[in-house]
Amino acid sequence: MASDSPQQRYYRAPCPGCGAPVEFRSAQSTHAVCPYCHSTVVRQGETLARTGKMAELFDDFSPLQLFTAGRIDDKPFTLVGRLQYSHDGGRWTEWIAALDEDRTGILSEDNGAFVFALPFELQRVAPPAADLRVGATTAFNGQNYTVSSNEQVALLSAQGELPRLPELGRRFPVVELRSDKGQVLSLDYDTNPPGVYLGRAVRLEDLQLTGLREESAKEERGRSFNCPNCGSPVTVNLVDSKSVTCPACNSIIDLSQGIGGELRHAIQDEPVQPLISIGSVGLLQGVDWQVVGFQHRMGVAPGDDEHFGWSEYLLYNKKRGFSFLVDAEDGWSMVKPTTGAPTMAESGARATYLGKVYQQQYAYNAETTYVAGEFYWQVQRGQKTFNRDFANGAALLSMERSANELTWSSGSKIDSAAVAAAFRLGGKKDMFKRNDALPVSAASSLGCGTIILIVVIIIILLIILSTCSSGSGSRSSGGSYGGYSSGGGHK
């Protein structure tokens with residue numbers, strides 16, 4: 001039957017499985033999951049037909065829940081459904097948002113990063129998923145997009161009412177394309193033609209959300225097991241972690257298949273000691289971040305034999321998701337993966353993103369040499385990528401490409417003293433200083449004649465070195481700035 005309320009008109013009918021009431025608040029919803037017996041039902045006029053039973057939801061510790069309300073572009077919405085998906089790299093959740101005028105959108109989340117997307121009508125037929133190669137550029141509706149991922153995914157579970165319901169467990173392609181305007185275009189090939197959604201990054205605090213889960217419901221409950229190498233206890237604190245290291249023997253443990261079965265692991269020799277301890281909490285850029293992971297990486301420019309190293313700290317905040325704090329020879333920086341994809345010149349000399357042009361600083365091959373803590377991707381020692389680092393003043397941009405994914409990250413340089421103070425390590429601030437720190441106080445005490453003499457000596461040395469060098473040169477590490485996606489159109 002249909003019911004009316006001051007806000008909206010909705011449909012309610014008894015569940016064909018248990019008789020409990022099932023409500024449809026959006027006219028666009030065709031399917032629902034009974035909140036009592038978990039039957040999946042399809043709406044047929046004023047009655048419901050049972051089509052199966054839904055698997056249990058996995059607890060993603062999201063601050064969102066059914067009937068959370070908010071505003072996007074000053075328009076109200078209510079979350080009425082949830083879809084949970086998996087792919088080889090992890091899992092993610094999509095929330096169905098009922099908007100005004102019988103429209104529905106998708107608020108998708110992955111490890112705390114959020115994108116709000118709306119259905120989008122293409123002006124040409126979408127190509128087959130197999131034709132959209134990662135890294136390729138194509139245009140839709142007059143906008144250029146770069147293919148950032150092409151994954152086989154499967155529906156794990158669902159909740160509430162839904163405008164579409166893919167077959168449970170059946171794998172299908174999802175392709176994500178990103179623009180230099182910060183947009184992400186998602187093509188879902190569970191239907192023919194595929195479902196198309198265009199979205200952009202949002203922050204929860206900007207959505208004016210009400211009806212969020214209580215803080216106690218969001219607390220992350222640790223899962224413990226014994227290390228498969230040494231038997232010591234290992235605790236996993238983040239629900240979507242795909243890798244964790246043993247605090248006793250430093251082995252990397254693969255969690256991609258869960259912790260109930262046989263766990264694969266890799267032994268790490270010669271551990272690297274992070275300057276900032278795992279578990280530390282620091283206030284950076286007005287946000288409390290916890291260090292949950294650490295990795296040390298090495299790089300080498302193509303055709304060169306000089307290697308350089310840098311460290312990356314994986315930071316986590318429940319509402320902001322993940323960011324990376326990068327410790328390189330030429331300074332500290334804080335960055336996170338972009339929602340869109342910059343436009344890069346064919347030569348690679350520059351990249352443009354959100355109207356700003358960045359000049360390439362370095363291009364190099366990178367390899368992970370040591371990891372510690374937890375990671376939302378399946379990290380492995382020896383993982384290799386090809387990276388390009390760009391800069392525009394203090395603003396930074398980085399491209400990282402692996403065999404199956406192209407990821408961009410953006411951020412800015414950060415003062416070493418600010419990093420030390422953020423993690424209450426002011427007593428060790430000298431250990432945080434890098435090559436970007438200039439001895440201003442010392443320079444101010446020098447006379448003009450001394451400064452001129454120093455400049456002349458430097459120029460002479462540069463001339464001598466240039467005549468002795470063939471031009472290959474060396475570089476200081478700019479860092480790869482993370483490079484693993486944590487928030488797109490759907491994943």
Side-chain angles (χ1 to χ4, degrees), residues 87-89 92 108 110 113 115-118 120-153 173-189 194-201 335-366 377 385-392 395-411 480-491:
H87 64 107
D88 290 341
W92 82 96
S108 58
D110 174 35
V115 166
F116 200 98
L118 293 172
F120 188 68
E121 185 175 349
L122 298 181
Q123 295 175 353
R124 66 180 178 94
V125 176
D131 292 350
L132 295 172
R133 178 177 50 84
V134 172
T137 300
T138 187
F140 290 102
N141 297 18
Q143 173 66 53
N144 288 329
Y145 293 89
T146 301
V147 181
S148 59
S149 69
N150 189 328
E151 299 275 2
Q152 290 288 323
V153 310
V174 170
V175 180
E176 289 189 347
L177 307 96
R178 303 172 188 267
S179 77
D180 61 0
K181 293 181 172 58
Q183 300 167 314
V184 56
L185 183 70
S186 298
L187 306 178
D188 293 0
Y189 286 85
V196 184
Y197 303 87
L198 182 65
R200 58 180 173 85
V335 298
K336 69 181 306 176
T338 64
T339 297
T343 299
M344 185 172 63
E346 188 173 349
S347 64
R350 64 186 181 277
T352 304
Y353 188 58
L354 300 180
K356 182 180 290 188
V357 178
Y358 298 76
Q359 300 299 321
Q360 179 176 290
Q361 307 297 302
Y362 314 111
Y364 54 97
N365 296 306
W377 70 90
T385 58
F386 176 71
N387 300 359
R388 293 182 186 271
D389 293 345
F390 302 82
N392 180 328
L396 305 173
L397 192 65
S398 177
M399 183 205 78
E400 184 161 320
R401 181 167 186 171
S402 63
N404 301 317
E405 188 174 25
L406 175 67
T407 305
W408 288 86
S409 301
S410 66
S480 71
Y481 314 127
Y484 288 87
S485 176
S486 69
H490 293 301
K491 58 177 177 44

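Because the structure is a prediction, the values reported are computed rather than measured. All values below were derived from every heavy atom in this structure, side-chain atoms included, with hydrogens, water molecules and symmetry-related copies excluded. By convention here, the first residue in the shown sequence is residue 1.
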Colleague: In the structure I gave you, are the side-chain heavy atoms of Pro342 and Thr352 within less than 4.5 Å of one another anywhere?
Modeller: no

Colleague: Applying side chain to side chain contact (heavy atoms under 4.5 Å, CB included), can you list everything that pairs with Ala139, at least two apart in sequence or on another chain?
Modeller: Asn144

Colleague: Tell me whether Tyr353 contacts the main-chain N or O of Gly340 through its side chain, where contact means a donor paired with an acceptor under 3.5 Å.
Modeller: yes

Colleague: Are Tyr362 and Asn387 linked by a side-chain donor-acceptor pair shorter than 3.5 Å?
Modeller: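 No - no donor-acceptor pair under 3.5 Å links their side chains.
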
Colleague: Excluding sequence neighbours, so at least two apart, what forms side-chain hydrogen bond (donor to acceptor under 3.5 Å, both in side chains) with Thr146?
Modeller: none

Colleague: Under the rule for side-chain hydrogen bond (donor to acceptor under 3.5 Å, both in side chains), what residues qualify as partners of Thr343, not counting sequence neighbours?
Modeller: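 Checked Thr343 against side-chain hydrogen bond (donor to acceptor under 3.5 Å, both in side chains); matches are Asp180.
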
Colleague: Where do Arg133 and Val147 come nearest, in terms of heavy atoms and distance?
Modeller: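 Where Arg133 meets Val147 most closely, the heavy atoms are O-CB, 3.3 Å.
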
Colleague: Using the side-chain hydrogen bond (donor to acceptor under 3.5 Å, both in side chains) criterion, which residues pair with Gln143? Sequence neighbours excluded.
Modeller: Lys181

Colleague: Looking only at heavy atoms, which two atoms of Ala117 and Tyr197 are closest? And how far apart?
Modeller: CB-CB, 4.0 Å

Colleague: Please identify each residue that fulfils side chain to side chain contact (heavy atoms under 4.5 Å, CB included) with Ala391, with sequence neighbours left out.
Modeller: Gln361, Leu396

Colleague: For the residue pair Lys356 and Asn392, what are the closest heavy atoms and their distance?
Modeller: CG-ND2, 3.2 Å

Colleague: Looking at every non-hydrogen atom in both residues, tell me the closest pair between Leu354 and Gly182 and how far apart they are.
Modeller: CD2-N, 3.7 Å

Colleague: Would you give the length of the straight line joining atom OG of Ser149 to atom CD of Glu405, rounded to the nearest 0.5 angstrom?
Modeller: 6.0 Å

Colleague: Within the 4.5 Å heavy-atom criterion, are Val115 and Val184 side-chain neighbours or not?
Modeller: yes

Colleague: For the CG atom of Asn150 and the CG atom of Asp131, what is their distance to the nearest 0.5 Å?
Modeller: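 The distance works out to 10.0 Å.
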
Colleague: Does any non-hydrogen side-chain atom of Pro194 lie less than 4.5 Å from one of Asp188?
Modeller: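 The answer is no; the side chains never approach within 4.5 Å.
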
Colleague: Can you list the residues that meet the side chain to side chain contact (heavy atoms under 4.5 Å, CB included) rule with Leu198, with sequence neighbours excluded?
Modeller: Phe120, Tyr145, Gln183, Leu185

Colleague: Does Tyr358 have any ring pair (Phe, Tyr, Trp, His ring centres under 6.0 Å) partners at least two apart in sequence or in another chain, and if so, which?
Modeller: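 In terms of ring pair (Phe, Tyr, Trp, His ring centres under 6.0 Å), with neighbours along the sequence ignored, Tyr358 is linked to no residue.
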
Colleague: Has the side chain of Asn141 got a donor or acceptor atom that lies under 3.5 Å from a matching backbone atom of Gln123?
Modeller: yes

Colleague: Could you check if a side-chain atom of Arg350 sits within less than 4.5 angstrom of a side-chain atom of Val357, using non-hydrogen atoms only?
Modeller: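 The answer is yes; the side chains approach within 4.5 Å.
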
Colleague: Distance-only, no hydrogens or angles: does the Arg178 side chain make a donor-acceptor pair with backbone N or O of Thr339 under 3.5 Å?
Modeller: yes

Colleague: Sequence neighbours left out, what passes side-chain hydrogen bond (donor to acceptor under 3.5 Å, both in side chains) with Arg124? Give chain and number order.
Modeller: Thr138

Colleague: Quick one: closest heavy-atom pair of Tyr189 and Ala126, and the distance?
Modeller: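 That would be OH-CB, 4.3 Å.
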
Colleague: Look up atom CG in Leu397 and atom OG in Ser410, then write down how far apart they are to the nearest 0.5 Å.
Modeller: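 Here the interatomic distance stands at 6.5 Å.
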
Colleague: Using the side-chain contact (heavy atoms from CB on, under 4.5 Å) rule, take Phe140 and Leu177 through it: C-alpha gap first, then chi angles, then the decisive distance, then the call.
Modeller: CA-CA 10 Å; Phe140 290 102; Leu177 307 96; 4.0 Å; yes

Colleague: Quick one, Leu132 and Pro127 - any side-chain contact, counting heavy atoms below 4.5 Å?
Modeller: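 Yes, at least one pair of side-chain atoms sits under 4.5 Å.
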
Colleague: Check Ser409 against Thr338 and note the closest heavy-atom contact, atom names and distance.
Modeller: C-CG2, 3.9 Å

Colleague: As an exercise, state the distance from CE of Met399 to CH2 of Trp408, rounded to the nearest 0.5 Å.
Modeller: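 Those atoms lie 6.0 Å apart.
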
Colleague: Please list, chain by chain and in numerical order, all residues satisfying salt bridge (Lys or Arg N to Asp or Glu O under 4.0 Å) with Arg388, sequence neighbours excluded.
Modeller: none

